[in-house]
Amino acid sequence: MDKIFQPQMIDEAAKKHWDETRAFETKENTTKPKFYCLSMLPYPSGQIHMGHARNYTIGDVIARYQRMLGKNVMQPLGWDAFGLPAENAALKNKLAPSEWTYKNIEQMRVTIKQLGFAIDWSREVTTCRPEYYRFEQQLFLKMYAKGLAYKKKSVVNWDPVDQTVLANEQVVDGCGWRSGALVERKEISQWFLKITAYADELLACLDKLTGWPEQVRTMQRNWIGRSEGLNLNFSVIGRDEKVTIFTTRPDTVFGVTFLAIAPEHPLALEASKSNESIFKFLQKCHNVKVAEAEVATVATEGYYTGFDAINPLSGEKVSIWVANFVLMEYGTGAVMSVPAHDTRDYEFAKQYNLRIKQVIKPIDNDLWDINKIAFTDKGVLINSGEFSNLNFDQAFNAIAEHVIRAKQGERKVHYRLRDWGVSRQRYWGAPIPIINCEKCGVVPVPERDLPVVLPEGIKLTDPHSPLHTLKSFFETTCPKCGGFATRETDTFDTFVESSWYYIMYCFHDQKYWMPVDQYIGGIEHAVMHLLYARFIYKVLRDEGLVKGDEPFTRLLTQGMVLKDGSKMSKSKGNTVSPEELVAKYGADTVRLFTIFASPPEQSLEWSDSGVEGAYRFLKKLFAFAAAHEEVITSHNKLSKKPEIFTKEQQQWRRNIHIILQQANADMERLQLNTVVSAAMKLLNELHDIPSATNEAIIYEGFSILLCLLNPITPHVVHYLWHELQFFGDALDAKWPQVDLSALKQDFFELIVQVNGKVRGKITVQADADEKAIREASIANDSVARAIGSAVIKKIILVPKKLVNIVV
RNA sequence: GCCCGGGUGGCGAAAUUGGUAGACGCAAGGGACUUAAAAUCCCUCGGAAGUUAAAUUCCAUGCCGGUUCGAUUCCGGCCCCGGGCACCA
C-alpha cells in the first residue's frame, strides 16, 4: 500500500468501485430484512451548505451501518423543486424558474456525489416534473370527491401596490418587501385540506411513535391542541343575535364580566359603522400581517362596541368588546373573559377598568387577594349560585348539563389545529386540477386529463403569476358541459409535494419498502412538514394505496450548523463550502468532523481547526496501517487457531472490547460523535501494543477499528480493507460483536466515598462479599483519615461501582 | 405572547438507569527531531489554596432553593440563548 495518505486518489478509487459494482442500487430481497433510510429532500437553492452535508452524512452513517448489520438498505435522494425562491431568483436574473431550478439541481448533485453517500440514484425524484405531481393532482381529486378538499375564504397578506399576495417572509416591518407598501389583510377564496378530520388519529398515533424524539411528539400534541369544553351562547341585548364562545373553563362562567370579539367579527364591523374610534381600530388591525407571532406581540388594545349581552347562567349584563388578541380563525372568533381567573383577561380588565369578579377560590387556601393577581388554577366555586361549592369536574359537568337542557350551548371538543390551506397564488408550483365554469361552477379535472401540466420555461417580468394571462393554460373547456371555462390558477403549497415524496422513491415496490425505517432531517420541520406527511399518509391508507398507519418509524431531528454561535447563512457571510473542504481534505475528513463535532440532535459549532484534527486522525490511521501492513496481511493468511493469551494480552483484548462495547451501544442510540471517540481511543490503544509479538491482537483490533469507521469514513476504509487483504467488499463487512469472554476480569476497582465525597479507591476480587468490601474500604488510608473518629452510620454498596460510607 | 429545546474547562464535547465531573478532540504552553519551517512524536493543561516538588484540601456543570447517603442527571422558581408559530423550506 501507499505510504502517504492521498485522500483525493482514495476517494476517486472508492467511488469508481461503487459505481462499477452498482453498489447502492436496490431491489426487493426476501432473504434480508429491509431498511429504508431517508433524509429530508433538499430545496435546490443552488448550493449544498453544511446543513445538507451534515444531514446526509448522518443518514449515510446509519445506512452503511445497517448494511453491515446485514440489512437490505435503500437510501434515495430527490429535489423539492417548487417554491418561492425560484420565482425570486427568476425575477432578479430574468430567467425562467424552471431553468434556474434544473441548473441548481445539476450543480448540487455533483457536490452531493463528492461526499460519497450510499445513495440509490436510480430512484431520484424531482417534484416539479409532471410525472411526479400528476399523482398529487390525482390524490387531490380523490380528496375532493370525499369532501376532504374544499374551498373557503381566508386571510392573506395583500400588497396593495404590487396587487399580489405576500408570504409572511415577504412582509418586513408590516410592509411589502418590494413595494414598501403597508400590507393589508385580505380575504380571498382558497383551497383547504381537511386535516382536522384526522386530528384525533394524528394525536392518538403519537403514542405509538416510540421511535420519535419525545420533544417532537410533545410539539405535535400541543400543535393539535385538543381541548374539551363548552360552546356557550350569549344573547346580545336588543338584537336578535347571539355571540357564541368556546371555553374550557365553564366553572368560571359566573365570573364573566365582558366578552371579547375579533376585529373581523360581524358584530365588530356593525359597531364600526357608528363609532369612529372602532372604525380606526379595525383599520389598524387590518394592517397587521397574518403571522400569529406578529399578532401576539402587538400591544393589547380593545374598544367597547356599545353592545351588551346576557350571561346565560348568572343573568348578568356583560359588555362586548372588540380586542386585537382575539383571532377570527380560532374557534368562534369570540371569547368570554373572566378577569379574576385568567391572566390576559385580568390585565385587560385593569387596563380598561372593567369589573373583576372572583368565582373560584383555592382548594386549600381561602385567602386570595384578587386585587393583586388573577387566580388561574382550578379550585372550588363561589358566588356561582346553585353551582357554588362544587369543584372543577363537578361544576364542568353540572354546568354543561344545565346549558344543554336550557339550549344555551353544547359540549364541544376543540382543536387548535386548523385545516391546511394549500392554495398559493403563485406560478412556480403544481397546478390545482380544477376548472371553473360559468355554468357548472367548480369542476374537477377528469382523471384521464391528468396531469395538468404547468407551462415551463416562462420568464417572469413582474411578481404576478403569468398563469392568468397565458391563454394556452388558462382557457379550456368545461369537462361537464363542453363550454368555455378557465383553469384554477392557484398552485399547491410546496408542503404538499414533500408530504408524500418518500413513496415516489419506491413507487413500484412501496409495499416492500414502506414504512421508512429511519427518517433524518432538521428540527425546524418538527411540526408542520412532519404533521402534513402523517396526515397525507393516512389519507393514502384510507384510499387503500399504502399499508400501515404511519410513514416514519424512527425519526432523528438533527441540529443546525453554526459558526461563531449563529446559524451559517449567506446573509451573515459565515458559510463554509463543502466543495472547497472536500477538495482540500477529501470527503472522509468532512464526514468525520461533521459526525465527531457534536451529537446529531444538537447544533454543531463549526471549527476550522477541528477539521484539521479530523484530517490528522485519518493520517494517523493511514500511517498505522502502512506501518503494520506486513503484520496484518501475514496474519490474514494464517489459518485461525484458538489463541492462548498472556495476562498482558488479555488486558489489551479487554480494553479493545470495552471500547467496542461502548461504540456498539452508541451506534444503536445514534450517539455518533462518541463512536468516533471510540475509534480514536482504539487507535491510541493499538499504538501502545508492541506489534512484533501481538499480531493476532493488532489484527483483531485494527479490523474492529476499520469496521467502526466504515460507515463514517468509507473511502479510506475501502482502500485499507482492500490493501490489508481483509475478506470481501468493505461495504458488506460484518459489524463486529463484543467478545464477552474478553471482558471478564478477576478484580474490580471500587470508588470509596465518605458522605458522598470520593476519598479513595480499592481493588477487590470479583467474587468478594459485602463483608470483605466493607473491611477493605475502611482499611484504605485516605478513607480512614476522612472518617477519623466519626461514627459510621451506614454503608451503601453499589455493585461493581462504589462504596459510600455515611458518618 | 404561546409551544419545544439548550446552558458543563480557553473551545467542541463526555458522563447509557441518581453513583469517580471533564473521556475523546481542538487550542495553548514546554520539549524532541530539523540549518530552519512545516509535518511528526513526547509531556503539561478547570480554578483556588498549599509546597522546592508532592501529598492534600476547598470550589466548580447558567442562577436560587428543595429531595437524597450521594444531583450535570429528579422537583420548584428565575435568567440567558436557539427552533417553531400555519404563505421561507
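Chain letters run A, B, ... following the sequence lines, proteins first and then strands; every chain starts at 1. Because the structure is predicted, anything quoted here is derived from the model rather than measured. When reading the values below, keep in mind they use all heavy atoms of this one structure, side chains included, and skip hydrogens, waters and symmetry mates.
- Of the candidates B:G19, B:U40, B:A89, B:A89 carries the atom nearest the A:Leu84 side chain, counting heavy atoms from C-beta on.
- Separating the P atom of B:C45 from that of B:G22 is a span of 12 Å, rounded to the nearest Å.
- Looking at residues 679-687 of chain A, you'll see A:Met680, A:Lys681, A:Asn684 sit with a heavy atom under 4.0 Å from some atom of RNA chain B.
- By the 6.0 Å contact criterion, NZ on A:Lys350 is enclosed, its count of non-hydrogen atoms from other residues, nucleotides or ligands being greater than 12.
- Taking the ring centroids of A:Trp606 and A:Phe593, they lie under the 6.0 Å cut-off.
- In the set B:A86, B:A27, B:A13, B:A86 carries the atom at the smallest distance from any side-chain atom of A:Glu292.
- Under a cutoff of 6.0 Å and an axis angle of 45°, A:Lys619 and A:Phe5 do not form a cation-pi pair.
- Aromatic ring centres of A:Trp420 and A:Tyr198: separated by at least 6.0 Å.
- A cation-pi arrangement is not found for A:Arg185 relative to A:Trp158, the charged atom failing to lie both closer than 6.0 Å to the ring centre and inside a 45° cone about the ring normal.
- Side-chain rings of A:Phe246 and A:Tyr330 stay apart, their centers remaining 6.0 Å or farther from each other.
- Under 4.0 angstrom from either OP1 or OP2 of B:U16 there lies no side-chain N or O belonging to A:Arg669.
- B:G82 and B:A89 have their P atoms separated by 23 Å, given to the nearest Å.
- For the OP1/OP2 pair of B:U40 and a distance below 4.0 Å, the side-chain nitrogens and oxygens of A:Lys619 include at least one atom meeting the criterion.
- Counting only Watson-Crick and G-U wobble pairs whose two distances sit under 3.5 Å, RNA chain B takes part in these stems of three or more pairs: B:1-7 with B:79-85, B:10-12 with B:24-26, B:28-32 with B:40-44, B:46-49 with B:56-59, B:62-66 with B:74-78.
- Closest to the A:Ile751 side chain, of the nucleotides B:G82, B:U20, B:C4, is B:U20.
- A sub-4.0 Å separation between OP1 or OP2 of B:C59 and a side-chain N or O of A:Lys757 is present.
- Listed nucleotides: B:G70, B:C87, B:A86. Nearest to the side chain of A:Val165: B:C87.
- With contacts defined as side-chain heavy-atom distances shorter than 4.5 Å, the pair A:Ile658/A:Leu743 qualifies.
- Heavy-atom minimum distance, A:Cys128 versus A:Tyr133: O-CE2, 3.3 Å.
- Close to B:A55, at under 4.0 Å from its OP1 or OP2, lies no side-chain N or O of A:Arg785.
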